[in-house]
Amino acid sequence: MSKPRKGKLLVSEPFMMDGNFKRSAVLICEHTLAEGTVGFILNKPIDMKIDELVGDFPEMDAQVYYGGPVANDTLHYVHNKGEILDNSVEVAKGVYWGGDFEKLKFLIKNGLVEAKNIRFFLGYSGWSEGQLEAEMEIGSWVIANMDPNYIFQLSPKLLWEQILKNMGSVYSVISQVPDSNNLN
């Protein structure tokens with residue numbers, strides 16, 4: 001079994017009942033055995049645009065996503081513009097976390113960062129030391145490889161299913177399990 005680490009995806013098993021994580025794909029942005037894990041749910045959009053949420057933000061038609069149940073009053077972002085956004089942290093090839101917020105606004109205002117380049121999150125997903133490993137032992141999560149297209153190209157509605165299909169084998173079958181028990 002693959003281990004959780006920065007730049008990987010956590011994909012929930014199909015029968016996870018926790019409403020925060022049901023059929024979710026979480027990008028791991030930080031993972032250490034001593035500190036725990038930080039990530040963002042990639043496929044749970046909320047009905048809000050970033051320029052509606054942040055008062056002095058440049059006009060931008062970028063959806064905001066539910067990053068997870070921790071610190072829902074905080075804003076985070078992942079993007080593919082790390083080479084021009086100071087203080088960004090590369091978490092996977094072509095995927096960066098955070099960066100200078102004032103410079104981000106400048107880059108958006110000047111058309112150098114567009115909605116297709118960035119994803120905003122309210123809150124984050126966090127696990128304390130050993131918590132994620134314990135959840136993995138009982139089969140709540142599988143680890144998948146990250147592909148920047150998952151964030152910047154693929155519809156969030158299709159993400160969970162597509163990641164599992166791309167993993168092949170038994171995961172391809174799991175991806176077809178209906179979302180509701182009533183459909184069986």
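Keep in mind that the numbers below use all heavy atoms, side chains included, and drop hydrogens, waters and symmetry copies. Everything quoted here is computed from the prediction, not taken from an experiment.
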Subject >> Heavy atoms of other groups near Glu35 CD, more than 12 under 6.0 Å >> reply: no

**OP:** Check whether any side-chain heavy atom of Leu164 lies under 4.5 Å from a side-chain heavy atom of Val11, and answer yes or no.
**Re:** yes

Subject >> Non-hydrogen side-chain atoms of Ile50 and Ile118 separated by less than 4.5 Å >> reply: no

Original post:
Taking a hydrophobic cluster as the set of Ile, Leu, Val, Met, Phe, Trp and Tyr residues connected by side-chain heavy atoms closer than 4.5 Å, whether directly or through intermediates, do Leu158 and Ile151 fall within one such cluster?
Top reply: no

Original post:
Can you check whether Leu42's main-chain N or O pairs, donor with acceptor, with Arg119's side chain at less than 3.5 Å?
Top reply: yes

**OP:** Report yes or no: does Asn110 contribute a side-chain atom to a donor-acceptor pair with the main-chain N or O of Leu112 at less than 3.5 Å?
**Re:** no

Original post:
Should Val38 and Ser125 count as side-chain neighbours, where that means a heavy-atom distance under 4.5 Å?
Top reply: no

**OP:** With the side chain counted from C-beta on, respond yes when Val142 and Glu13 share a heavy-atom pair under 4.5 Å apart, and no when they do not.
**Re:** no

Original post:
Hey, does Leu9 have a side-chain heavy atom less than 4.5 Å from the side chain of Ile28?
Top reply: no

Original post:
Are Trp160 and Val78 joined in one hydrophobic group, where the rule is that I, L, V, M, F, W and Y side chains link up if heavy atoms are under 4.5 Å apart?
Top reply: yes

**OP:** For the residue pair Leu27 and Val95, establish whether any side-chain heavy-atom pair is separated by less than 4.5 Å.
**Re:** yes

Original post:
Do Leu107 and Ile84 pass the side chain to side chain contact (heavy atoms under 4.5 Å, CB included) test, and can you show the C-alpha distance, the side-chain angles, and the key distance before you say yes or no?
Top reply: CA-CA 9 Å; Leu107 294 170; Ile84 61 172; 4.1 Å; yes

Subject >> salt bridge (charged side-chain N to carboxylate O under 4.0 Å, His left out): pairs with one or both residues in residues 71-96, sequence neighbours excluded >> reply: Asp86-Lys103

**OP:** State the CE-CG distance between Met136 and Leu10, to the nearest 0.5 angstrom.
**Re:** 6.5 Å

Original post:
For Glu161, what residues pass the salt bridge (Lys or Arg N to Asp or Glu O under 4.0 Å) criterion, not counting sequence neighbours?
Top reply: Lys165

**OP:** Determine, using the 4.5 Å side-chain heavy-atom cutoff (strictly less than), whether Val113 and Val64 are members of one ILVMFWY cluster.
**Re:** yes

Subject >> Nearest non-hydrogen partners of Lys22 and Met16, listed with the distance >> reply: CG-O, 3.6 Å

Original post:
Measuring from Asn43:CG to Gln162:CD, what's the distance to the nearest 0.5 Å?
Top reply: 12.5 Å

**OP:** Identify the two heavy atoms, one from Val91 and one from Cys29, that lie closest to each other, and give their separation to 0.1 Å.
**Re:** CG1-O, 3.6 Å

Original post:
Below 4.5 Å, heavy atoms only, C-beta onward: do Leu85 and Leu104 meet side chain to side chain?
Top reply: yes

Subject >> Minimum-distance pair of heavy atoms, taken over all atoms of Gly126 and Gln131 >> reply: O-OE1, 4.3 Å

**OP:** Sequence neighbours left out, what pairs pass ring-ring contact (aromatic ring centres under 6.0 Å, His included) with at least one residue falling in residues 106-130?
**Re:** Phe21-Trp127, Phe40-Phe121, Phe57-Phe120, His76-Tyr124, Tyr77-Phe120, Trp127-Trp141

Original post:
When rounded to the nearest 0.5 angstrom, what is the spacing between CG in Asn72 and CD1 in Ile46?
Top reply: 8.5 Å

Original post:
What pairs with Asn145 under side-chain hydrogen bond (donor to acceptor under 3.5 Å, both in side chains), at least two apart in sequence or on another chain?
Top reply: Lys8

Original post:
Can you check whether Lys157's main-chain N or O pairs, donor with acceptor, with Ser155's side chain at less than 3.5 Å?
Top reply: yes

Subject >> Spacing of CE belonging to Met60 relative to CD1 belonging to Ile108, to within rounding of 0.5 Å >> reply: 4.0 Å

Original post:
Which distance, rounded to the nearest 0.5 Å, do you find between the CG of Asn117 and the CG of Asn80?
Top reply: 4.5 Å

Original post:
For Tyr66, what residues pass the side-chain hydrogen bond (donor to acceptor under 3.5 Å, both in side chains) criterion, not counting sequence neighbours?
Top reply: Asn20

Subject >> Separation of Trp97 CH2 from His79 NE2 (nearest 0.5 Å) >> reply: 11.0 Å

**OP:** Evaluate side chain to side chain contact (heavy atoms under 4.5 Å, CB included) for Ile163 paired with Tyr150, printing each intermediate quantity in order.
**Re:** CA-CA 8 Å; Ile163 292 168; Tyr150 290 154; 3.7 Å; yes

**OP:** Could you list all the salt bridge (charged side-chain N to carboxylate O under 4.0 Å, His left out) pairs where at least one residue sits in residues 44-70, not counting sequence neighbours?
**Re:** Lys49-Asp61, Asp56-Lys105

Subject >> Closest contact, heavy atoms only, Ser88 versus Tyr96 >> reply: CB-CB, 4.0 Å

Original post:
How close do Pro4 and His31 get, heavy atom to heavy atom, and via which atoms?
Top reply: O-CD2, 3.1 Å

Original post:
Hey, are the side chains of Ser12 and Glu135 touching, using non-hydrogen atoms and a 4.5 Å cut-off?
Top reply: no

